[in-house]
Amino acid sequence: MKRLDLLLGERELGPICAALRTSGAPGYSVMRHVTGVGKGGEVQESMEMSGYGANAHVIVFCEAEVLEQIRAALRPLLSYYGGVGFVSDAQPL
Amino acid sequence: MKRLDLLLGERELGPICAALRTSGAPGYSVMRHVTGVGKGGEVQESMEMSGYGANAHVIVFCEAEVLEQIRAALRPLLSYYGGVGFVSDAQPL
Amino acid sequence: MKRLDLLLGERELGPICAALRTSGAPGYSVMRHVTGVGKGGEVQESMEMSGYGANAHVIVFCEAEVLEQIRAALRPLLSYYGGVGFVSDAQPL
Amino acid sequence: MESGLVLQNLVSPPVLFFFLGMLAVLVGSDLEIPAPLPKLFSLYLLLAIGFKGGLELQHSGLGGQVTLTITAAVLMSMLVPLTSFLILRSRLDTYNAAAVAAAYGSISAVTFITAESFLTVLHVQFDGFMVAALALMESPAIIVGLLLVKLAVPPETNSGRPIGWPALLREAFLNGSVFLLMGSLVIGYLVAAFSPAGLEKMDPFINKLFYGALSFFLLDMGIVSAQRLHDLRRAGPFLIGFAVAAPLVHAAVGLVVARALSLPQGDALLFMVLCASASYIAVPAAMRMTVPQANPSLYISTALGVTFPFNIVVGLPLYMAMVQRWIPAG
Amino acid sequence: MESGLVLQNLVSPPVLFFFLGMLAVLVGSDLEIPAPLPKLFSLYLLLAIGFKGGLELQHSGLGGQVTLTITAAVLMSMLVPLTSFLILRSRLDTYNAAAVAAAYGSISAVTFITAESFLTVLHVQFDGFMVAALALMESPAIIVGLLLVKLAVPPETNSGRPIGWPALLREAFLNGSVFLLMGSLVIGYLVAAFSPAGLEKMDPFINKLFYGALSFFLLDMGIVSAQRLHDLRRAGPFLIGFAVAAPLVHAAVGLVVARALSLPQGDALLFMVLCASASYIAVPAAMRMTVPQANPSLYISTALGVTFPFNIVVGLPLYMAMVQRWIPAG
Amino acid sequence: MESGLVLQNLVSPPVLFFFLGMLAVLVGSDLEIPAPLPKLFSLYLLLAIGFKGGLELQHSGLGGQVTLTITAAVLMSMLVPLTSFLILRSRLDTYNAAAVAAAYGSISAVTFITAESFLTVLHVQFDGFMVAALALMESPAIIVGLLLVKLAVPPETNSGRPIGWPALLREAFLNGSVFLLMGSLVIGYLVAAFSPAGLEKMDPFINKLFYGALSFFLLDMGIVSAQRLHDLRRAGPFLIGFAVAAPLVHAAVGLVVARALSLPQGDALLFMVLCASASYIAVPAAMRMTVPQANPSLYISTALGVTFPFNIVVGLPLYMAMVQRWIPAG
Ligand SMILES: Nc1ncnc2c1ncn2[C@@H]1O[C@H](COP(=O)(O)O)[C@@H](O)[C@H]1O
Ligand SMILES: Nc1ncnc2c1ncn2[C@@H]1O[C@H](COP(=O)(O)O)[C@@H](O)[C@H]1O
Ligand SMILES: Nc1ncnc2c1ncn2[C@@H]1O[C@H](COP(=O)(O)O)[C@@H](O)[C@H]1O
Ligand code: NA
Ligand code: NA
Ligand code: NA
């Protein structure tokens, strides 16, 4: 089983979650109000008040095959809007 | 060393954290205001205002033996109320 | 590639993030309003209102060499102020 | 007359902001009132309505219709889940039928508050003790809902942990909103009795701000209930029909009871609204804990996505017209 | 005269709290107003300013200068991005030039609100329809900004997904702040027309609280804009110069237009402020979605870190002095 | 007389809501006021109390007892940690003794504000400059606490990073609450001096809302301090005894000083409350940074779980009775 961590702008959550659903993810969890630093510079909490938005952290636990689907669906979104994704191994409790 | 990620309803945090403590977890961390999708359907932010509550994300880093205790203590809670748990490997920094 | 999870007091975020930047982390993400239990006892949400502050969760994805730098930079901070760090494996999506 | 009431209701700020919130979702605006800001308004409204109820109770005393009315309200909150359960059970399993039934036996504080504002704009009097009825109708409905599950499900089927009564009673009687409402009622009573200076200093916070805060909160309620609309597809036409018919029937029963109790017009409307409204705060919290087998999207969506807007928009003027027709004016 | 205006502005509570917020950052205090509290104030201010604008519009009617003034405002919000783009393009790439240009064509609601408060303290009248101009200036600026990108970048270069017009128009016309402002305007109009009782009950929330809430919000704006200051190093002197020169030039053009339209003094100042201010709410949201190639730290930092404080502190009294010099008093 | 004071205090809305919050925790209700809403109220109260203090200071001028009283208050905030340290050191290690001592030298703004409200209800006058004393008592207590650690712990033992004086002074003088209080005081002074129109427009926000917001905030403080109660087991009887005895002794010393300074009754009560209260905001922040070896559950629990409720519930009427006995009425 795999674990996927996505970090991206909260304003892109809509299309990202839609892509997760259509790719067959059995579930996902979203944490908002995330700040951070990446290639696109710094995202501060005050960007939440401006319409720019802060970041979100999305976690998906799924099988390796589903992950392939997700990868294919997310890549264009992440490369257009920014945001990163990382994969590690996991097992159900 | 093991890492346990729990995703569950924030209203079940009380018994879950109590179970972690009695199972010998050396520590744990809780993030609230988590939304997501799982077997039980979608949990939205607006459920926080209704008394239903949003989700919580609990992280526990512990030794493999302790994890066994935790697993035994949490299983009935998770199967009755819903919520998921996943395990991966980790080492202290 | 490595994944580092830090859990520490939000009031130490300033020096911790500065240390991450100078150690060459390619990016990091911060979640605040974290509660939890550790060696230093329990950190509750109400500590946010008191100036003591709640915890923060910092995630860093980076190469193993960078992690060495980070480890060296963070150790004294974590041992002085409290807070924990754990490492696992990861790959980019 | 009735069309005047409809207009009066539709052009009131709370209802207009409720529409604005619904519209935001329907046209796809990204307007949102991020958590926990809605909680601020809901806590404030409960505190203020409780406090006001308490001080009015102190002024009017506990005699007369008070005890009878409150008893009738509590009985209604036990009767409604029973009849609702019988109807719902024809299409839903026991768990879901009981959860929806409990929601409709219980009340919606925001609907009640909006009704009070509606009466104020119409210059119709009402009594403070109705807030006590509001506070006392949540718990019995929850308990009846759970008894229904207990009785209808053979114990061996009800897999998993048995329902723990202490936890359940705590949930029914001490959940945050009931507790804050009752506590503020008592505080309002005490302050009115013993501290006129304190009363006066609370006035701007409790009274002056109230209407605006209600309007702001209804903006959020509009957003939230419109977000629920697409869950309704899963609920299906039977449940949607129930969510519209139930308030009508329960309001009519409430009217009969109110007339039998000789309640004045304002109290009669509030009594009808208590019967007609459904809970989306205390009941979901209790059901999640005690009947996790029930699907929250069913009982939250019907109460919040259909019955709540129906009562706010259509119900208030309709019930008022019924009141004006059947209840003699003061 | 001018020094009187400067003083009047500098000792007003909103501006003093703005300074206090900036000072907190500059001296390294840990004062913070945690999210989402600032959002509460910004939603409240939009709702209140819209509601007040709507009711004033209802009182004054739609005749006279209303249509002309609003048309002129919309034209300004399309013209400013065009001229700004030409200037900015000399140093920035197309994406960044277009994004900054759109921000300066659009408006800052808080600057506008602070200008209204400034006028109230000076006892200068202004009209409610100016709020409609405010609401209508965000969308055209956004669309012009995107057309600039479309036209200036050869389609094959504009790698990745094409800009989806439906999503873009939704962003331009239905983003939360524009939607809430316009909705509250309409609600204020309707309530003023049909529900005088509702109007009166909204008054404490809408009017009495307003000035204090603005002051509290400006404390946060001071913190936020000072935090932006260190991003300015990356912006460089050209962009910083633009962020100071643009409001001056646009205010001057606004003054000429206001005079040509024979606007009274108060409306003239507001018109100038609309032209002079730059958006850091609706525009960043739209640019992120449609021109992600642009660097947000450039357009947010200039609008929020330079132009906003400049307008609040220096601009308001300066523009008012220009108004008093060139626009005949009522 | 004294029983009248006790009753007056117990039936005031702030104290009743404080009880309600404690009760919620004790009976196991799930009532909560989620973060960051309590922060909204605490920021608002600091801003309002500072602003009011500033304008009263402007009205009364800086002459007379002002300088002497403030100097005495600052001296008390340095003396109290010294004597407390000597007592605490008998049972606690240096770090914890110093941290608790600093908390008791410093002040609790909410206790002060509740005392002001108590005086208002009793129609007893007090002076605006007492807010300045409040603001100036946090920093010295923090610095004395740290000097105690520096002096008592041999440098080689104090492992890890040395305490950085610049960071420490910033924490002592510029932490958010001290900064906001002082800043608002200065703003209130300036606005009162130069902008009467601004003053009037701030009034509803600053004054009318105040009492209700305080009551709401004390509801949360009740929850928070009751949650601290079970930490007290770890604190042990010595520390709990200290947390009750310290306010009594410090209030008595404060009374003697107030009489020596010939303060009027209202100011004398406030002076006693400043001496008697303990900090759970600025001091924990500073101690975490500079004495991380100290256990926060000790100093937060005693200040917040014992001394705060003791002062609010028992202390206020008791100190007022002492004032009425020993300080001649105006
Ligand atoms: N190496 C990383 N480790 C953790 N978080 C990251 C990393 N890189 C980027 N992020 C997060 O992802 C967001 C978007 O990244 P980017 O598109 O690279 O700016 C950043 O604001 C961070 O919150
Ligand atoms: N596969 C998954 N990956 C990530 N989060 C999940 C997953 N499944 C469930 N969750 C989270 O756990 C919550 C409860 O899950 P469930 O009990 O399956 O409805 C959901 O609302 C999600 O937030
Ligand atoms: N074993 C653990 N697993 C997860 N989180 C932990 C663990 N230990 C500590 N933490 C988190 O780190 C914070 C600081 O830890 P400590 O310095 O040990 O008190 C705690 O408040 C927890 O939020
Ligand atoms: Na009902
Ligand atoms: Na502009
Ligand atoms: Na003290």
Side-chain angles (χ1 to χ4, degrees), chain D residues 34-44 46-48 50-51 54-55 58 166-167 169-210 213 281-282 285-286 288-289, chain F residues 4-41 44 48 114 116-124 203-220 222-223:
Chain D
L37 300 182
K39 190 92 189 183
L40 173 67
F41 288 94
S42 75
L43 290 170
Y44 164 76
L46 290 170
L47 188 155
F51 192 89
L55 74 91
Q58 201 276 330
L169 291 175
R170 202 177 57 207
E171 200 66 45
F173 288 104
L174 296 174
N175 78 71
S177 56
V178 172
F179 183 85
L180 180 56
L181 196 57
M182 286 301 292
S184 305
L185 191 96
V186 172
I187 290 177
Y189 190 95
L190 291 174
V191 171
F194 300 110
S195 174
L199 202 59
E200 197 190 316
K201 293 185 74 185
M202 287 298 276
D203 179 70
F205 186 73
I206 294 289
N207 285 314
K208 296 283 186 296
L209 271 191
F210 193 78
I281 297 207
R288 135 163 240 154
M289 199 186 74
Chain F
L5 287 175
V6 170
L7 182 70
Q8 278 288 352
N9 188 48
L10 289 189
V11 298
S12 74
V15 173
L16 287 171
F17 278 106
F18 181 73
F19 281 137
L20 189 63
M22 292 197 96
L23 187 66
V25 175
L26 298 179
V27 300
S29 166
D30 63 354
L31 178 64
E32 70 158 349
I33 301 182
L37 300 181
K39 190 90 190 185
L40 173 66
F41 289 94
Y44 164 75
T114 312
E116 282 200 355
S117 292
F118 184 53
L119 289 173
T120 318
V121 169
L122 296 176
H123 301 290
V124 176
D203 179 71
F205 186 75
I206 295 290
N207 284 316
K208 297 284 185 296
L209 273 191
F210 192 79
Y211 200 67
L214 173 63
S215 301
F216 200 142
F217 185 59
L218 279 175
L219 175 65
D220 183 62
I223 295 173

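Proteins get letters first, then strands, A, B, ... in listed order; numbering begins at 1 in each. This structure is a prediction, so every number in the text was calculated from the model and none was measured.
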**Asked** Side-chain contact, heavy-atom cut-off 4.5 Å: F/F19 with D/I187?
**Response** no

**Message:** Quick check: do D/V191 and F/L16 have side-chain heavy atoms less than 4.5 Å from each other?
**Reply:** yes

**Message:** Is the shortest side-chain heavy-atom distance between D/L180 and F/L219 below 4.5 Å?
**Reply:** yes

**Request:** With a 4.5 angstrom heavy-atom cut-off, could you sort out which part of D/Y44 is near chain F: side chain, backbone, both or neither?
**Result:** both

**Request:** Below 4.5 Å from any heavy atom of chain F, which atoms of D/L40 appear? Answer side chain, backbone, both or neither.
**Result:** both

**Message:** Is D/S184 in contact with chain F via its backbone, its side chain, both, or neither, using a 4.5 Å heavy-atom distance?
**Reply:** both

**Message:** What part of D/E171 gets within 4.5 angstrom of chain F, counting heavy atoms only: side chain, backbone, both, or neither?
**Reply:** side chain

**Request:** Taking the side chain as every heavy atom from C-beta outward, state whether F/L20 and D/F179 have any pair of such atoms under 4.5 Å apart.
**Result:** yes

**Prompt:** Closest approach of F/E32 and D/K39, non-hydrogen atoms and distance?
**Reply:** O-CE, 4.2 Å

**Complete:** Separation between CG (D/L43) and CG (F/L37), nearest 0.5 Å, reads 7.5 Å

**Message:** I need the D/K201 NZ to F/L214 CG distance, nearest 0.5 Å.
**Reply:** 8.5 Å

**Request:** Could you check if a side-chain atom of F/F17 sits within less than 4.5 angstrom of a side-chain atom of D/L47, using non-hydrogen atoms only?
**Result:** yes

**Item:** Part of F/P36 lying under 4.5 Å from any heavy atom of chain D
**Value:** both

**Request:** For the pair F/S29 (side chain) and D/L174 (backbone), establish whether a donor and an acceptor sit closer than 3.5 Å, ignoring hydrogens and angles.
**Result:** yes

**Message:** I'd like to know which of F/S12, F/S215, F/P204, F/A24 tops the heavy-atom pair count under 4.5 Å against chain D.
**Reply:** F/A24

**Prompt:** Parallel, tilted or perpendicular: which describes the rings of F/F216 and D/F205, with under 30° parallel and over 60° perpendicular?
**Reply:** perpendicular

**Prompt:** Tell me, side chain or backbone of F/F41 under 4.5 Å from chain D's heavy atoms, or both, or neither?
**Reply:** side chain

